[in-house]
Novice: 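Following this message is one structure expressed as structure tokens.
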Amino acid sequence: MTQPQCTLPIGIFDSGMGGITVLKALADTLPQENLLYLGDTARLPYGTKSNDTIGRYSRQAAGKLVERGIKMLVIACNTATSAALPLLQKAFSPLPVLGVIEPGAHAATAATRSGSIAVIATEATIQGGAYQKAIHTINPACVVTARPCTLFVPLCEEGWTEGPIVEAVCQRYLGDIFCNKPDSPDTLMLGCTHYPVLKQALQQVVGQNVAIVDSAASTAEAVAQWLAKHKLLCTAQGEGTRHFLTTDNPARFARTGSLFWGKHLEAEDIELIDL
Ligand code: DGL
């Protein structure tokens, strides 16, 4: 008997652990859904690579999830969303494919009072300009300051999320933007799914009056709305399954993944795959 479509998992991928921040928001918003996560750690980072390479890697990662049977694909990576959203929507049509940039832009425009927003992300995301465009589509009056923060992803993947070294790196990237000038941004958009684990350190640097937003909760909300509208919400009782795939080193994935997931993961919980 074939599995009813609503009980198929939602497929979620990122280059590494960052997308677990989105997975967590999905598990909180839609606990009954089955979730299948792939972290392409063998090829991380995506954010310093060319759009062609990011597109190719994203297609392969998404293809692996599609092969297993999913009812929706969530690109839990801003870099892959920026470089490959239309490509994946076309390649896997009619499967619904959602990215994190539009929901993130909605969260940022809802949070700002002054209209001045700083977006931090990987080099590829900032160069692609997708956040700047998405924010201006929602509110053309917003002023957007965009800054790549390349060292943040390796820090997060190493599990370094607080302390003087992390704060010094945050200060180096953001000190000149948030320096108490009257026109300093009042909102910091975390345009990379890794960055939420740095929130405390970032708040120290940008000040308590700056709102720090990410795309996890608004993406989970967009997924919930889409599934409800298309009558594809999982109706099974109880908590859904959470299954993790990685392309390299399950023990390392379990160690750092636990930090992002907020729950203990064992290497045995992580399935090693090849793309
Ligand atoms: N988590 C990814 C993002 O949201 C970036 C990580 C990477 O550079 O691979 O952009």
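Counting starts at 1 for both ligands and their atoms, in listed order.
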Novice: Is any N or O atom of D14, backbone or side chain, closer than 3.5 Å to an N or O atom of ligand 1?
Specialist: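 Yes; at least one N/O pair falls below 3.5 Å.
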Novice: Identify the closest protein heavy atom to atom 6 (C) of ligand 1: which residue and atom is it, and at what distance?
Specialist: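 In this structure, atom 6 (C) of ligand 1 has S15 OG, 3.2 Å as its nearest protein heavy atom.
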Novice: Any nitrogen or oxygen of T48, main chain or side chain, under 3.5 Å from a nitrogen or oxygen of ligand 1?
Specialist: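 For ligand 1, there is no N or O atom that lies under 3.5 Å from one belonging to T48.
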Novice: Side chains of D248 and T41 only: does a donor on one sit below 3.5 Å from an acceptor on the other?
Specialist: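 No, because no side-chain N or O of D248 sits under 3.5 Å from a partner of the opposite role on T41.
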Novice: If you compare all heavy atoms of S215 against all heavy atoms of G104, which two are closest, and at what distance to 0.1 Å?
Specialist: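 Smallest heavy-atom distance, with atoms named: CB-CA, 3.5 Å.
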Novice: Heavy-atom contacts with V153 under 4.0 Å: which atoms of ligand 1 show up? List them by number with element.
Specialist: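 Per the distance check, 6 (C).
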Novice: Run the numbers for me: atoms of ligand 1, each under 4.0 Å from some heavy atom of T122, listed by number.
Specialist: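 Close to T122: 5 (C), 8 (O), 10 (O).
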Novice: Can you pull the side-chain hydrogen bond (donor to acceptor under 3.5 Å, both in side chains) pairs that have at least one residue in residues 195-213, sequence neighbours excluded?
Specialist: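 Matches after skipping sequence neighbours: none remain.
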Novice: Would you call L174 and L188 a side-chain contact if the rule is heavy atoms closer than 4.5 Å?
Specialist: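 Touching, per the 4.5 Å side-chain cut-off.
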Novice: Report yes or no: does C77 have a heavy atom closer than 4.0 Å to ligand 1?
Specialist: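 A heavy atom of C77 does come that close to ligand 1.
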Novice: List ligand 1 atoms under 4.0 Å from N78, heavy atoms only on the residue side.
Specialist: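 Atoms satisfying the 4.0 Å criterion: 3 (C), 4 (O), 10 (O).
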Novice: Could you tell me whether R147 and D176 have a side-chain N and a carboxylate O separated by less than 4.0 Å?
Specialist: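 Looking at R147 and D176, the cut-off is met.
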Novice: Quick test of your reading of the structure: of G18, S82, G47, whose heavy atom lies closest to atom 8 (O) of ligand 1?
Specialist: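 Among G18, S82, G47, the closest heavy atom to atom 8 (O) of ligand 1 belongs to G47.
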Novice: Before giving the answer on side chain to side chain contact (heavy atoms under 4.5 Å, CB included), spell out for L26 and E33 the whole-Å C-alpha distance, their side-chain angles and the decisive distance to 0.1 Å.
Specialist: CA-CA 8 Å; L26 282 166; E33 292 296 332; over 6 Å; no
Novice: By the side-chain hydrogen bond (donor to acceptor under 3.5 Å, both in side chains) test, which pairs, at least two apart or in different chains, include something from residues 78-89?
Specialist: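 Passing the test, one end in residues 78-89: N78-Y131, T79-T122, T79-T125.
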Novice: Using a strict cut-off of 4.0 Å, indicate which atoms of ligand 1 neighbour a heavy atom of Y46.
Specialist: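 Every atom of ligand 1 under 4.0 Å from some heavy atom of Y46: 7 (C), 8 (O), 9 (O).
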Novice: Within a distance under 4.0 Å of any heavy atom of T79, pick out the atoms of ligand 1 and give their elements.
Specialist: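 Listed by number with element, the hits are 3 (C), 5 (C), 10 (O).
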